[in-house]
Enquirer: 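Please see the structure below; I have some questions.
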Amino acid sequence: MARLGSWIESHPEGIYVRPADAWIDPSQPKAKALVTHGHADHARGGHGAVLATPETLAIMEIRYGPQSGQGIAYDEQTRVGEVDVRFVPAGHVLGSAQIVLEHKGERVVVSGDYKRRPDPTCPCFVPVPCDIFITEATFGLPVFRHPDTGSEIDRLLHRLHSDPSRCVLVGAYALGKAQRIITELRGRGHDAPIYFHGAIERLNQLYESFGIDLGELRHTGGASKVEMAGHVVIAPPGALNDRWSRRLPDPVTAMASGWMRIRQRARQRNVELPLIISDHADWDELTMTIRELAPTEVWITHGREEALKHWCLTHQIKASELNLVGYEDEDD
Ligand SMILES: [Zn+2]
């Protein structure tokens, strides 16, 4: 009998599904690409044809222009070559999907980036039992245990209300994290206008066009320091320490990222208020998910593969590392 998953090949530039003649999240332009989600390290431009959720295709069109692709809704069954393909929610960002592949009686799930805790901007991760689970491991070390999101948002609001002459400037990745922070703030009863850096405007609009209510948003461009005092301002991480931030009223610099668990990373960015809010599974979510899916094999991609591989082996699950290049972990 052939080795499990012998029809799936791991190459440095991505995962190749031979009987579908298609690549998953390839880092190089390919004739046919299946794309898990819109972050730039997974969704590249220049492919011949793209299969992705309609949300992911819309994100790619903002970034790369018109795509010759096919939007596939969650749970819609489609066939690519000799493989049955289904996109299932991954809970990572708007449109993010796990890709479920079935061929010759074997089921393989490619998680893409995922998390298990609720996110108001996208449907929750759906566990799909499988023979092979190809998982990310961005936070694949026991030290990474993300705190409760609500308590992190409360720390932000407490800081905001403690000095109404200042603003709280939150660094958040433009796709996903920025809109999640806004909706989490709304969920904690923060109805005031939220100011945003121009670089996230189009993605805010895109989220709204897919029915995500972000409340009242204002561009920082036309606003005075006095107007912005006592308000939250959201900007991409790269803007935290640049000239742009001088227009803000004495900002308390915050950053929302799973990496804020590491003090050194907070110091590097001069972050005064580190908020540990991640769009990736933490150690407990990774191991809980593997237990729940009970796959025969786990293949581990980008991140800290070693510890998770060791955990699998001690739990009698065959595990191996895939050495894909080009994935970054800055989207968190
Ligand atoms: Zn991502």
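The chain is numbered in sequence order, starting from 1. Atom set for the values below is all heavy atoms of this structure, side chains included, hydrogens, waters and symmetry mates excluded. From a predicted model like this one, the values you see are computed outputs, not experimental measurements.
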Enquirer: Mind checking the CG-CD1 spacing from D148 to I153? Nearest 0.5 Å is all I need.
Expert: 10.0 Å

Enquirer: Enter the distance from I317:CD1 to K309:NZ here, rounded to the nearest 0.5 Å.
Expert: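 Output value for this atom pair is 14.0 Å.
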
Enquirer: Has K177 got a side-chain atom pairing as donor or acceptor with I277's backbone, closer than 3.5 angstrom?
Expert: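 Such a contact is found between K177 side chain and I277 backbone.
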
Enquirer: Would W283 and E285 count as having a side-chain donor-acceptor pair, cut-off 3.5 Å?
Expert: no

Enquirer: Would L51 end up clustered with L57 when hydrophobic side chains under 4.5 Å apart are linked, directly or stepwise?
Expert: no

Enquirer: Whether the side chain of S278 engages the backbone of H280 through a donor-acceptor N/O pair (distance < 3.5 Å, no angle test) should be reported.
Expert: yes

Enquirer: Check the pair I132, I134 against side-chain contact (heavy atoms from CB on, under 4.5 Å), reporting the backbone distance first and the verdict last.
Expert: CA-CA 6 Å; I132 298 177; I134 304 183; 4.0 Å; yes

Enquirer: Roughly how far, to the nearest 0.5 Å, is CG of L169 from OG of S245?
Expert: 6.5 Å

Enquirer: So, the side chain of T53 versus the backbone of G95: is there a donor-acceptor pair under 3.5 Å, distance only?
Expert: yes

Enquirer: Looking at V252 and R166, what are the two nearest heavy atoms and their distance?
Expert: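 Closest approach of V252 to R166: CG2-CZ, 3.4 Å.
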
Enquirer: What's the spacing between C122 SG and Y207 OH if we round to 0.5 Å?
Expert: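 Taking SG in C122 and OH in Y207, the distance rounds to 6.5 Å.
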
Enquirer: Using the side-chain hydrogen bond (donor to acceptor under 3.5 Å, both in side chains) criterion, which residues pair with R63? Sequence neighbours excluded.
Expert: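 For R63, no residue satisfies side-chain hydrogen bond (donor to acceptor under 3.5 Å, both in side chains) once neighbours in sequence are set aside.
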
Enquirer: Mind listing the closest non-hydrogen atom pair of P29 and G45 along with its distance?
Expert: CG-O, 4.2 Å

Enquirer: Can you check side-chain contact (heavy atoms from CB on, under 4.5 Å) on D242 and R246, steps first, answer last?
Expert: CA-CA 8 Å; D242 77 11; R246 291 186 204 165; over 6 Å; no

Enquirer: Are any side-chain N or O atoms of E102 and backbone N or O atoms of V85, one a donor and one an acceptor, separated by less than 3.5 Å?
Expert: no

Enquirer: How would you list all residue pairs meeting ring-ring contact (aromatic ring centres under 6.0 Å, His included) that involve residues 44-79, not counting sequence neighbours?
Expert: none

Enquirer: Return the CG to OG distance between N204 and S209, rounded to the nearest 0.5 Å.
Expert: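 Answer for the CG-OG pair, N204 versus S209, is 11.0 Å.
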
Enquirer: Do I99 and V109 have side-chain heavy atoms sitting under 4.5 Å apart?
Expert: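 Heavy-atom side-chain distance check fails, nothing below 4.5 Å.
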
Enquirer: Describe, in one word, how the ring planes of H315 and W311 are oriented to each other, choosing from parallel (under 30°), tilted (30 to 60°) and perpendicular (over 60°).
Expert: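 Aromatic pair H315/W311 classed parallel.
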
Enquirer: Heavy atoms only: give me the nearest P12-S27 pair and the separation to one decimal.
Expert: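 Minimum heavy-atom separation between P12 and S27: O-OG, 4.5 Å.
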
Enquirer: Under 4.5 Å between side-chain heavy atoms, hopping through other hydrophobics if needed: is there a path connecting L156 to L248?
Expert: no

Enquirer: The test is side-chain contact (heavy atoms from CB on, under 4.5 Å); show your working for I24 and V17 and say whether it passes.
Expert: CA-CA 8 Å; I24 296 179; V17 185; 3.9 Å; yes

Enquirer: Who passes side-chain hydrogen bond (donor to acceptor under 3.5 Å, both in side chains) against R159, sequence neighbours left out?
Expert: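 Partners of R159 by the side-chain hydrogen bond (donor to acceptor under 3.5 Å, both in side chains) criterion, ordered by chain and then number, come out as E272.
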
Enquirer: Using a 3.5 Å distance criterion without hydrogens, assess whether the side chain of T36 forms a donor-acceptor pair with backbone atoms of V110.
Expert: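 Such a contact is absent between T36 side chain and V110 backbone.
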
Enquirer: Quick one: closest heavy-atom pair of L275 and A254, and the distance?
Expert: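 Here L275 and A254 meet closest at CD1-CB, 4.2 Å.
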
Enquirer: Do I8 and R18 make a side-chain contact, defined as non-hydrogen atoms from C-beta onward lying under 4.5 Å apart?
Expert: no

Enquirer: Does any donor atom in the side chain of E106 or W7 lie under 3.5 Å from an acceptor atom in the other side chain?
Expert: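 The criterion, which ignores hydrogens and geometry beyond distance, is satisfied for W7 and E106.
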
Enquirer: Indicate if F210 and I62 have the same hydrophobic cluster label, given that clusters are the connected sets of ILVMFWY residues with side-chain heavy-atom separations under 4.5 angstrom.
Expert: yes

Enquirer: Crowded around R145 CZ? As in, over 12 foreign heavy atoms under 6.0 Å?
Expert: yes

Enquirer: Just by distance, do the side chain of N241 and the backbone of R269 share a donor-acceptor pair under 3.5 Å?
Expert: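 Judged by distance alone, yes, a pair lies under 3.5 Å.
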
Enquirer: Specify the closest pair of heavy atoms between I200 and P236, including all atoms of both residues, with the distance to one decimal.
Expert: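 Closest heavy-atom pair between I200 and P236: CG2-CD, 4.3 Å.
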
Enquirer: If we only count heavy atoms from C-beta on, is the P147 to E152 side-chain gap below 4.5 Å?
Expert: yes

Enquirer: Can you hop from L214 to L203 via hydrophobic side chains spaced under 4.5 Å?
Expert: yes

Enquirer: Hey, does the side chain of Q67 reach the backbone of V50 with a donor-acceptor pair shorter than 3.5 angstrom?
Expert: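 No, because the side chain of Q67 does not come within donor-acceptor range (under 3.5 Å) of the backbone of V50.
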
Enquirer: Do the side-chain N and O atoms of T289 and R116 include a donor-acceptor pair separated by under 3.5 angstrom?
Expert: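 Their side chains do contain a donor-acceptor pair, which is all the 3.5 Å distance test asks for.
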
Enquirer: Should R261 and D282 count as an ion pair when the cut-off is N to O under 4.0 Å?
Expert: no

Enquirer: Do Y195 and H219 make the cut of ring centroids closer than 6.0 angstrom?
Expert: no

Enquirer: How would you list all residue pairs meeting side-chain hydrogen bond (donor to acceptor under 3.5 Å, both in side chains) that involve residues 81-90, not counting sequence neighbours?
Expert: R79-D84

Enquirer: Report yes if some heavy atom in the side chain of K32 is under 4.5 Å from a heavy atom in the side chain of V80; otherwise report no.
Expert: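 Heavy-atom side-chain distance check passes, below 4.5 Å.
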
Enquirer: For residues I72 and V35: do they belong to one hydrophobic cluster (side chain heavy atoms under 4.5 Å, members Ile, Leu, Val, Met, Phe, Trp, Tyr)?
Expert: no

Enquirer: Taking atom NE2 of H310 as the centre, report whether more than 12 heavy atoms of other residues, nucleotides or ligands fall under 6.0 Å from it.
Expert: no

Enquirer: Is it the case that over 12 heavy atoms from other parts of the model lie below 6.0 angstrom from the CD atom of E216?
Expert: yes

Enquirer: Holding to ring-ring contact (aromatic ring centres under 6.0 Å, His included), I want the full list of residues that pass it with F133, two or more places apart in sequence or in another chain.
Expert: none

Enquirer: Side chains of I234 and I182, heavy atoms from C-beta outward: is any pair under 4.5 Å?
Expert: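 Of all side-chain heavy-atom pairs linking I182 with I234, at least one is under 4.5 Å.
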
Enquirer: Return the NE2 to CG distance between H161 and D154, rounded to the nearest 0.5 Å.
Expert: 10.5 Å

Enquirer: Using 4.0 Å as the upper bound for N to carboxylate O, is an ion pair formed by R186 and D191?
Expert: no

Enquirer: State, yes or no, whether a side-chain contact exists between R107 and L101 at a heavy-atom distance under 4.5 Å.
Expert: no

Enquirer: Test your reading of the model: is there a side-chain donor-acceptor pair from E201 to the backbone of G198, 3.5 Å cut-off?
Expert: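 Not confirmed, E201 side chain does not pair with G198 backbone.
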
Enquirer: I'd like to know whether T296 forms a side-chain contact (heavy atoms from CB on, under 4.5 Å) with K318, so could you lay out the CA-CA distance, the side-chain angles of the two residues, the decisive distance to 0.1 Å, and finally the verdict.
Expert: CA-CA 7 Å; T296 307; K318 201 173 161 192; 6.0 Å; no

Enquirer: Nearest heavy-atom pair of L286 and G140: which atoms, and what distance?
Expert: CD1-CA, 3.7 Å

Enquirer: Who else is in W23's hydrophobic cluster (ILVMFWY, side-chain heavy atoms under 4.5 Å, direct or via others)?
Expert: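 Other cluster members: Y16.
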
Enquirer: Could you check Y114 against H92 for ring pair (Phe, Tyr, Trp, His ring centres under 6.0 Å), going step by step and ending with a plain yes or no?
Expert: CA-CA 5 Å; Y114 77 95; H92 177 58; 8.9 Å; no

Enquirer: Going by heavy atoms in the side chains, are H39 and L175 under 4.5 Å from each other?
Expert: yes

Enquirer: Taking T121 for the side chain and Q179 for the main chain, is one N or O donor matched with an acceptor at less than 3.5 Å?
Expert: no

Enquirer: Closer than 4.0 angstrom, basic N to acidic O: yes or no for R180 and D279?
Expert: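 Yes.
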
Enquirer: Taking the side chain as C-beta and beyond, is there a heavy-atom pair between H158 and L160 under 4.5 Å?
Expert: no

Enquirer: For a ring pair (Phe, Tyr, Trp, His ring centres under 6.0 Å) check, start with the C-alpha distance between F139 and H146, then their side-chain angles and the critical distance, and finish with the verdict.
Expert: CA-CA 10 Å; F139 291 110; H146 308 322; 5.1 Å; yes

